[in-house]
Amino acid sequence: MLPAARRMRRSFDFERAVRGGARAGRSTVVVHLTRAPGQVDGPLVGLVVSKAVGNAVHRNLVKRRLRGIAAAHLAELPADALVVLRALPASAAADYSRLARDVSRGMHKALARFAGPG
């Protein structure tokens with residue numbers, strides 16, 4: 001499970017990650033990643049699961065899965081990373097392994113884009 005200290009809570013952090021960072025889209029999730037140089041206490045991960053994903057039961061299932069997947073990837077992220085995982089409607093029908101694969105590939109692609117020129 002994603003530790004409470006690693007969860008993104010402030011809307012300013014969500015906005016900074018979504019608008020100012022690298023983005024990598026997959027079929028079930030979009031990964032937004034940016035770096036916050038002043039932050040030294042570890043990466044923060046936020047989730048966006050809208051009503052387009054489904055009813056409350058489906059949204060909560062997707063959130064639980066994404067939290068677990070994000071926790072497994074914390075060691076791969078830089079200490080000053082801000083990551084937002086935005087679930088797409090297809091995530092409600094996806095199984096855990098497909099979500100994990102999409103998040104992993106999305107994070108690696110976003111990290112590569114962020115590190116690259118431009």
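Count residues from 1 along the sequence.
- Side-chain atoms of S27 and D102, non-hydrogen and from C-beta on, do get closer than 4.5 Å to each other.
- Within the structure, salt bridge (Lys or Arg N to Asp or Glu O under 4.0 Å) contacts touching residues 49-76 (residues at least two apart or in different chains) do not occur.
- Contact detail for L111 and P78: the closest heavy-atom pair is CD2-CD, 3.9 Å.
- Put simply, L33 and V48 are part of two different groups of oily side chains (I, L, V, M, F, W, Y) that touch within less than 4.5 Å, one to the next.
- One finds no salt bridge joining D95 and R98 here, because no Lys/Arg side-chain nitrogen approaches an Asp/Glu carboxylate oxygen to under 4.0 Å.
- Between M107 and L85 there is a side-chain heavy-atom pair separated by less than 4.5 Å.
- Using a 4.5 Å heavy-atom threshold, the side chains of S11 and E15 count as separate.
- Taking the side chain as every heavy atom from C-beta outward, V29 and S91 never approach each other to under 4.5 Å.
- There is no path of hydrophobic side-chain contacts, each under 4.5 Å, that joins L47 to V18.
- Across all their heavy atoms, A94 and L99 have their closest contact at CB-CG, 4.3 Å.
- Under a hydrophobic-cluster definition in which Ile, Leu, Val, Met, Phe, Trp and Tyr are linked whenever side-chain heavy atoms come within less than 4.5 Å, directly or via other members, L44 and L66 are assigned to different clusters.
- Residues F14 and L82 are not in side-chain contact: their nearest non-hydrogen atoms beyond the backbone lie 4.5 Å or more apart.
- In this structure the side chain of L88 never reaches within 4.5 angstrom of the side chain of T28, judged on heavy atoms.
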Walk me through whether V84 and M8 qualify under side chain to side chain contact (heavy atoms under 4.5 Å, CB included). CA-CA 8 Å; V84 172; M8 191 181 298; 3.9 Å; yes
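- Rounded to the nearest 0.5 angstrom, R7 CZ and D13 CG are separated by 15.5 Å.
- Under the side-chain contact (heavy atoms from CB on, under 4.5 Å) criterion, P3 pairs with R6, L74, not counting sequence neighbours.
- Side chain to side chain, T34 and R19 fail the donor-acceptor criterion of an N or O pair below 3.5 Å.
- Follow the hydrophobic side-chain contacts under 4.5 Å out from L77 and you reach V103 in the same cluster.
- Residue A24 comes nearest to A110 through the heavy atom pair CB-N, 3.8 Å, listed as atom of the first residue, atom of the second, then distance.
- Evaluation of the side-chain contact (heavy atoms from CB on, under 4.5 Å) rule for R23 yields V30, H32 as partners, not counting sequence neighbours.
- Of all heavy-atom pairs between R113 and A22, the closest is CB-CB, 4.0 Å.
- Heavy atoms only, all atoms of each residue included: H58 and A92 are closest at CB-CB, 4.4 Å.
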